[in-house]
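In this text, all values refer to a predicted model and were calculated from it rather than measured experimentally. In what follows, every heavy atom counts, from backbone to side chain, and hydrogens, waters and symmetry copies are set aside. So you know, we letter chains A, B, ... as the sequences are listed, proteins then strands, and number each from 1.
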Amino acid sequence: MKNDKSLLLNILAIAFLAVLAYFIYSVATSNDIGIKVTDNNVVENRVAYRYLNKNVLDENSKYEWGGKAEDSAANVVTSIVADYRLFDTSLEVIVLFITVMGFGLVIPKENIKIKESTELLYHWTPLLMTYMLLVGGYMFINGHISPGGGFPAGAIMSTAILVGVLAGKQTVSHTTLKKIEAIAGTLIFSIATLGFFLKGSFFINFLEGGNVGDLFSAGLIPILYTLVAFKVAAELSGIYFEFYEGGEEHDNV
Amino acid sequence: MEIIGYIFLTIGAIFLFLGGLGIFRMPDVLNQSQAGTKASTLGIVSFLIGIMFFYPAWTFKLLIIVVFFLATAPISSHKITRSALIRNKEKFVLSENAYASRDDVVEEENEDEEEK
Amino acid sequence: MMLLLATFLSFVMIATAIWVILTPSLLKAIIIFAIVSLVASVSFIFMQAPDVAITEASIGAGITTAIFILSYKRVSEKN
């Protein structure tokens, strides 16, 4: 290592990742209730068994706007992606990260600067970027009420930075994007394993749900979608900056 | 109120079709982009205003979409046409002056012959 | 009526996909690939899945085409 400070940071990072990896391993092979990877134990622990034995003729199981529900998100797809199958979504986030890393490995760095394009595009770019960020922000804030969610919201927010690169403005630096991506990804896994200390099983939705259709409902789902949207937006924006020069040399910190 | 909505929808559909027909019939990239953006802009704006008469609760959202489309369609056609001009520069050169009428050219030729 | 429209859209997608393979210029093929993504997004709306349609439209017709064209420019400058 270069000096003592970088050695200490490396050891701390490896220790933190080892703790997270241990928790993810034990959620994959535990025998409690919940969703697991190794689904080979008793029939009563499987998801299909619980859903086939639900009573739909009961008076309490009506799903209407403004009432209570088991998972009070109005968008059913959202409650499957971010609450019942959160383990699969976290693996998808890992796959996206590896794809972008492989992309940065293959493209050779050229010495072409981001230069100014035509005058029309240069002066209209702030308005277009504001509009695209507005649409993306609306989509992940209302992820549990209207269609959308975190993943297309991140893709739309990254096109705002693409318009800036095509017109000649570099609005964020490359290192800021990497920091945002790292912090958001770590927070996703940390919040998911926090449920073990509060309620007893991993990847559980530990906040109280409200009524169906409110803005502040569905527990942990809006927080998770915010983090996913920022992570996806930072990753896809990092791809565009790989084509131009200006990325600093990566020190071995 | 619904009859006005139907009129706007029909006008929008006709202009969108004419825009596509114009792109099909024009011989050149520069002509095609002119036909495409002008007819398509009017078609989409009229279409969205026609929907506004059927669902009056969606007025504000549809107005935002109209403003967004009016702001981005000219910029995109500007960039497409400019890049087409830079790529094929030798195909778009005029071989003669297009604004000179035929009478002026004939008079100049007669003057040249008389001077000689 | 809806079934007829969905069948027509699927034939358009097949014809466009065959056109991608047969065209000689690489830049044309990238732009025609964006049309395939667009038809896929519309047929997702027919199957009543708006989340998937929004994701396919934003990523397939926006980001994938942009990254393809930037890579094509980078590769063709060297030859």
Donor and acceptor N/O pairs, chain A versus chain C, under 3.5 angstrom:
from	atom 1	to	atom 2	distance (Å)
A:G148	N	C:D51	OD1	2.6
A:F243	O	C:R74	NH2	2.7

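Between A:L162 and C:A66 the shortest heavy-atom distance is CD2-CB, 3.8 Å. Residues C:I63 and A:A155 approach most closely at CD1-O, 3.7 Å, considering heavy atoms.
Applying the 6.0 Å contact sphere to CZ of A:F230 captures no more than 12 heavy atoms from other residues, nucleotides or ligands. When the shell of 6.0 Å around CZ of A:F206 is examined, it contains more than 12 heavy atoms from other residues, nucleotides or ligands. Within a 6.0 Å radius of CZ in A:F103, more than 12 heavy atoms belonging to other residues, nucleotides or ligands are found.
A:F151 does not touch chain C: none of its heavy atoms, backbone or side chain, sits under 4.5 Å away. Only the side chain of A:L236 comes within less than 4.5 Å of a heavy atom of chain C; its backbone N, CA, C and O stay farther away.
Shown here are the side-chain contact (heavy atoms from CB on, under 4.5 Å) partners of C:I45, two or more places apart in sequence or in another chain: C:A53.
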